[in-house]
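Here the structure comes first, spelled out in structure tokens, and everything after it is commentary.
In what follows, every heavy atom counts, from backbone to side chain, and hydrogens, waters and symmetry copies are set aside.
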Amino acid sequence: YILILGSIGILLTFLAAFNFTNISVAKSVSRAKETGLRKTFGSSKRSLVIRYLSEPILMVMSSIIISLLLIPIFLPYINNNFDLSVTWETGHWVEFGLLFGAIGGIIGILSGIYPAFVMSRYSPISIMRGSFLHQKSGIGLRKALVTLQYAITSFLIIGSFTITSQINYLQSRSLGFEKDEILLIRMPGEELNAKYRTIKEVIGSNSRVKSVAVGGGRMDAENGNVPILAEGMDEAKNLPIDAVREDFFKTIGTPMISGREYSFEHPTDSADGIIINREAAKYFNWTPEEAIGMKMRVGDITEGRIIGVVENFHFTSLHNTIKPLVICYPQGYLQDIYVRVTPGNVPDLISDLKKDWNTVVPGIPFDFVFMNQHLQKLYKSDVQFSRLVKVFAFLTILISALGLYGLITLVSEKRLKEISLRKVFGAPFSHLIFTLSRSFMILIIIANIIAWPFSYWMAEYWMRAFAYHTDI
């Protein structure tokens, strides 16, 4: 994400530079008489070059100084609104000054080079007569800059829509379990193991509680891989494992597609019961029904038979594909309690559960979080990235619109006599708009023809980094 944001920042800098250069080139034509008069009164080519180069450089440098002064003012607002913790290191003023000074110098020179070297080479007579206007160099440069400017604009806008669409897709995709209305309570594993049944009964007796279970994690990371040797295999394969207790899949809302999950009605489950997900059954070339009763050894943890096959669910973030998963009854200590509750008054529910908790395990903090809030942290960077990209897209549109407005204004001033004559001869307003904007529309179409294939290729390349992605 840092690389992408940095690339967008560079493209925005180019966009602003092209914009400034384009307007400077167009404006230089309107200053032709000024140039002619200066040459008539003895200004040398060198003095004109220095003047036309110094003006944009000073303007850019002034803008950079103002922006650097505004950073400490707006940085707290940016951090608060985008949940960031960016700091402004005042000890690096020299490095920042050199960097931005170099950038400002380059932009200023590029934007002033046309009026400095091209306009100053014409004789005063040709400038005053306007014969230099028939030269094509300035027009060609302006068209090239407009095309590049809007190719970058189109690329950034398409990219922002693609990124936002992908982030929204990640947040809306089904996880294979019901993440809402689940309370996660963490407590030391030894105490939980000793008092689990009591906790399950007391908390489960609350009228707002539907189900209580214990899991080996919080669906935010893998719990490790171990060698799995299944019936019919010659050698063990390393696969992800997890550990849960009774009624876990009922609590999270993930269905069993064959067999059953762990239950107090089957005491032997704790000794030799194994559950796998659909992907694991597929990995071993079993149907869900064929998997039931198959023998399996799970590293040095346990050896038993498969009692159930559960539907696939995401036990890590959506950045990863669903892998084959082998689930055992815990042989060690787990520390996460899953409580499925009914929607309603949350403060009252928490207050009641705290009372129940303190009756069973007094002295142990009621350390809880709602699962949907916990899982949002997995995608915090994605959400921040999406919001920043939207801001960059807005800036892109704003810079391009202002540049186009300024350019059309300068062109309109240049063609003022032509517009007046057309109005005198009865040309409607729509015709005047079309006349002024036709050349720009052609350039914008060309820019889109350039940008769209490249945008599609970049979007497709970026999407490869995601296990699940939206259609382009």
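- A search for side-chain contact (heavy atoms from CB on, under 4.5 Å) contacts involving I103 returns T13, L99, F100, I107, not counting sequence neighbours.
- Contact check for F392 versus L156: no side-chain heavy atoms found under the 4.5 Å cut-off.
- In this view, N168 and T164, Q171 satisfy the side-chain contact (heavy atoms from CB on, under 4.5 Å) rule, not counting sequence neighbours.
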**Asked** What do the steps show when you test D220 against S317 for side chain to side chain contact (heavy atoms under 4.5 Å, CB included), and what is the final call?
**Response** CA-CA 6 Å; D220 53 9; S317 77; over 6 Å; no
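- With a 4.5 Å cut-off on side-chain heavy atoms, Q149 and L15 count as touching.
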**Item:** side chain to side chain contact (heavy atoms under 4.5 Å, CB included) between D247 and V212, worked out
**Value:** CA-CA 7 Å; D247 300 326; V212 181; over 6 Å; no
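- The closest donor-acceptor contact from the side chain of Y169 to the backbone of D471 lies at 3.5 Å or more, if one exists at all.
- With respect to R340 and E178, a salt bridge is recorded, a charged nitrogen being found less than 4.0 Å from a carboxylate O.
- The aromatic rings of H314 and Y468 sit perpendicular, their planes meeting at an angle over 60°, well past the 30° parallel limit.
- For the residue pair P324 and L239, the shortest heavy atom distance occurs at CB-CD2, 4.1 Å.
- Note that NZ of K390 and CD1 of I167 are 10.0 Å apart. Values are rounded to the nearest 0.5 Å.
- Residues meeting the side chain to side chain donor-acceptor pair (under 3.5 Å) test with D336, sequence neighbours left out: R186, R218.
- With hydrogens and angles ignored, the 3.5 Å screen pairs no side-chain donor or acceptor of T254 with any backbone N or O of K250.
- Ring pair F248/Y338 is perpendicular by interplanar angle, where above 60° counts as perpendicular and below 30° as parallel.
- In this structure, the ring pair (Phe, Tyr, Trp, His ring centres under 6.0 Å) partners of F368, at least two apart in sequence or on a different chain, are F366.
- Of the possible polar contacts, none joining the E261 side chain to the G308 backbone as a donor-acceptor pair under 3.5 Å is found.
- The main-chain N or O of P288 is found under 3.5 Å from a side-chain atom of S258 such that the two form a donor-acceptor pair.
- For the 3.5 Å distance criterion, the side chains of N448 and S154 qualify, holding a donor opposite an acceptor.
- Residues K179 and I252 fail the side-chain proximity criterion, which asks for heavy atoms closer than 4.5 Å.
- With values rounded to the nearest 0.5 angstrom, I228 atom CD1 is found 6.5 Å from I241 atom CD1.
- Looking only at side-chain heavy atoms (C-beta outward), Y283 and K237 come within less than 4.5 Å of each other.
- In this view, F74 satisfies the ring pair (Phe, Tyr, Trp, His ring centres under 6.0 Å) rule with no residue, not counting sequence neighbours.
- Counting only distance, with no hydrogens or angles, the side chain of N320 and the backbone of T316 share no donor-acceptor pair below 3.5 Å.
- Partners of N312 by side-chain contact (heavy atoms from CB on, under 4.5 Å), not counting sequence neighbours, listed by chain and number: N277, R278, E279, I322.
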**Item:** Working for side chain to side chain contact (heavy atoms under 4.5 Å, CB included), residues I8 and L388
**Value:** CA-CA 10 Å; I8 293 174; L388 286 171; over 6 Å; no
**Item:** side chain to side chain contact (heavy atoms under 4.5 Å, CB included) between I276 and I327, worked out
**Value:** CA-CA 6 Å; I276 62 174; I327 303 158; over 6 Å; no
